[in-house]
Amino acid sequence: MKNTNNLLNKIILHYVPLVILLLFLLFPFYWTFVTSIKSEKELYSSVITYWPRNITFISYQKLFANFNFIKPIINSFMVALSTTIISILVSTLAAYAFSRYNFRGKKMFMMLFLTNNMFPTVLLLIPLYSIMRNIGILYTPMALILSYITFTMPFSIWLLTGYINDLPISLEEAAMVDGANKTQAFVKVILPLLRPGIIATGVYVFMTSWNEYTFAVMFTNEVSRTIPVALKTLVGELGVQWGLLTAGGIITIIPVCVMFFFVQKRLVEGLTAGAVKG
């Protein structure tokens, strides 16, 4: 009887709230998917259905055939991947310098990196627009890449500096005692241990660049626009094309879900626990 009561209490106190929370979090995704596979007649019907009577993928067909949605996907992927690679490459080297070396203005630069994310990005629109126009890269993917780096790189440096600070410097010293130089110690010792932090930072940069809208709507045109801007064009003055909009939303979250599927194990910290003994 006591075990039964304990099990009942566990179900009520743990599993029921968890199920309710999951339903609350997942229902928007479910409703988006259901809306994307409804027929146009059912979509604009006054009767609400939680599952389509006739499943159809006509919205996905129209999205690629009539709307040419593959171009925004390519643009978004190219911009997000390039921003991630550049931000991670530069941020890793900068974070190592901030973590391992002492120089004048170190604390001031770290505070500037942090305060950079305290201000809304919309404040950078006008100066960045002028810069991109003057150097002749406005309405190109490079304009977005450089714009995104202005706020992804400072945060990445701050984040990776914290990861490197958690790595004992004695690991590098031991490698140099064995004959490695500073560069070899960094590449062969620090980078492998820093992999979880690099992946976590890379996920942040990629998702930020993939979903960003403010800069994208200002620095792109019909040829170079990304997914958020392309989806916004489906919202017109005379109505919203819900079928195409929800189909585009489902396609947009697929790359992020796939990315999380492959890197979820690397997002856990603490791989250096026990690396230094004695």
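Keep in mind the model is a prediction, meaning the values are calculated, not measured.
Each of Leu26 and Val258 belongs to its own hydrophobic cluster when Ile, Leu, Val, Met, Phe, Trp and Tyr are linked at side-chain heavy-atom distances under 4.5 angstrom. Residues Tyr101 and Ile164 fall within the same hydrophobic cluster, defined by Ile, Leu, Val, Met, Phe, Trp and Tyr side chains chained together at heavy-atom separations under 4.5 Å. Ile126 and Val122 end up in different hydrophobic clusters when Ile, Leu, Val, Met, Phe, Trp and Tyr side chains are linked at under 4.5 Å. Cluster membership for Met176 and Val189, using ILVMFWY side-chain heavy atoms within less than 4.5 angstrom, is not shared. Residues Leu245 and Ile48 share a single hydrophobic cluster, defined by chaining ILVMFWY side chains whose heavy atoms lie under 4.5 Å apart.
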task: Take Ser147 and Glu212, measure what side-chain contact (heavy atoms from CB on, under 4.5 Å) needs, and give me the verdict at the end.
output: CA-CA 11 Å; Ser147 300; Glu212 203 279 331; over 6 Å; no
task: May I have the step-by-step check of side-chain contact (heavy atoms from CB on, under 4.5 Å) for Thr83 and Leu146, ending in yes or no?
output: CA-CA 8 Å; Thr83 303; Leu146 293 180; over 6 Å; no
query: Is there a ring pair (Phe, Tyr, Trp, His ring centres under 6.0 Å) between Tyr50 and Trp31 once you walk through the steps?
result: CA-CA 8 Å; Tyr50 293 92; Trp31 190 252; 5.5 Å; yes
task: Walk me through it: do Met259 and Met207 pass the test side-chain contact (heavy atoms from CB on, under 4.5 Å)?
output: CA-CA 10 Å; Met259 179 182 61; Met207 289 185 61; 4.0 Å; yes
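Gln184 CD: more than 12 foreign heavy atoms inside a 6.0 Å radius. Heavy-atom contacts from other residues, nucleotides or ligands closer than 6.0 Å to CE of Met142 number 12 or fewer. Counting non-hydrogen atoms of neighbouring residues, nucleotides and ligands closer than 6.0 angstrom, the CE atom of Met111 reaches no more than 12 such neighbours. No more than 12 heavy atoms of other residues, nucleotides or ligands shown are found within 6.0 angstrom of CZ on Phe24. Atom NZ of Lys188 has 12 or fewer heavy atoms from other residues, nucleotides or ligands within 6.0 Å.
Ring-plane geometry between Tyr129 and Tyr139 is classed as perpendicular, the angle between the planes exceeding 60 degrees on a 0 to 90 degree scale with a lower cut at 30. Between Tyr30 and Phe27, the ring planes lie tilted relative to each other; the angle falls in the 30° to 60° range. Ring geometry for Phe33 versus Trp51: interplanar angle of 30 to 60°, hence tilted.
The backbone N or O of Thr49 sits less than 3.5 Å from a side-chain atom of Lys38, completing a donor-acceptor pair. Of the possible polar contacts, none joining the Asn75 side chain to the Thr226 backbone as a donor-acceptor pair under 3.5 Å is found. Ser91 places a side-chain N or O within 3.5 Å of a backbone atom of Ser87 that can act as its donor or acceptor partner. Although no hydrogens or angles enter the test, the distance criterion places no donor-acceptor pair under 3.5 Å between the side chain of Thr92 and the main chain of Leu89. With hydrogens and angles ignored, the 3.5 Å screen pairs a side-chain donor or acceptor of Thr233 with a backbone N or O of Ala230. Judged by distance alone, the side chain of Ser76 and the main-chain N or O of Ile73 form no donor-acceptor pair under 3.5 Å.
Closest non-hydrogen pair, Ala94 versus Ile157, comes out as CB-CD1, 3.8 Å. The minimum heavy-atom distance between Ile250 and Phe29, with the atom names listed, is CD1-O, 4.2 Å. Residues Ile251 and Pro255 come closest through the heavy atom pair O-CD, 3.2 Å. Across Pro72 and Ile227, no two heavy atoms sit closer than the pair O-CG1, 3.7 Å. For the residue pair Pro141 and Met78, the shortest heavy atom distance occurs at CG-CE, 3.4 Å. Counting all heavy atoms, side chain and backbone alike, Leu171 lies closest to Leu193 at CD1-CD1, 3.4 Å.
Within the hydrophobic cluster formed by Ile, Leu, Val, Met, Phe, Trp and Tyr side chains joined at under 4.5 Å, directly or through other members, Val19 is accompanied by Leu23.
In this structure, CD1 in Ile131 is found 8.0 Å from CG in Asn134, a value given to the nearest 0.5 Å. For the atom pair Leu93 CG and Ile88 CD1, the distance stands at 11.0 Å (nearest 0.5 Å). Expressed to the nearest 0.5 Å, how far OG1 of Thr161 lies from CG of Asp166 amounts to 11.0 Å. Separation of atoms CG (Leu244) and CD (Glu40) is listed at 9.0 Å; rounding is to 0.5 Å. Rounded to the nearest 0.5 Å, atoms CG (Leu159) and CD1 (Ile198) are 11.0 Å apart. Rounded to the nearest 0.5 angstrom, Leu63 CG and Leu234 CG are separated by 7.0 Å.
Note on residues 177-207: pairs passing ring-ring contact (aromatic ring centres under 6.0 Å, His included), not counting sequence neighbours, are Tyr96-Phe186, Phe155-Tyr204, Phe206-Trp210. The stretch residues 96-105 participates, sequence neighbours left out, in these salt bridge (charged side-chain N to carboxylate O under 4.0 Å, His left out) pairs: Arg100-Glu172.
Side-chain polar atoms of Asn54 and Ser39 form no donor-acceptor pair below 3.5 angstrom.
Every residue was checked against the salt bridge (charged side-chain N to carboxylate O under 4.0 Å, His left out) condition with Arg133, not counting sequence neighbours, and none meets it.
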Under 3.5 Å donor-acceptor pairs involving side-chain atoms of residues 214-221, not counting sequence neighbours:
{"residue": "Thr220", "atom": "OG1", "partner": "Ala216", "partner atom": "O", "Å": "2.3"}
{"residue": "Asn221", "atom": "OD1", "partner": "Val223", "partner atom": "N", "Å": "3.2"}
{"residue": "Asn221", "atom": "OD1", "partner": "Ser224", "partner atom": "N", "Å": "3.1"}
{"residue": "Asn221", "atom": "OD1", "partner": "Ser224", "partner atom": "OG", "Å": "3.0"}

Going by atom type alone, with no hydrogens or angles, which donor-acceptor pairs under 3.5 Å involve a side-chain atom of residues 55-62 and a protein atom two or more places apart or on another chain?
{"residue": "Thr56", "atom": "OG1", "partner": "Ile58", "partner atom": "N", "Å": "3.2"}
{"residue": "Tyr60", "atom": "OH", "partner": "Ser36", "partner atom": "OG", "Å": "2.7"}

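For Trp158 and Phe98, the ring centers are positioned 6.0 Å apart or more.
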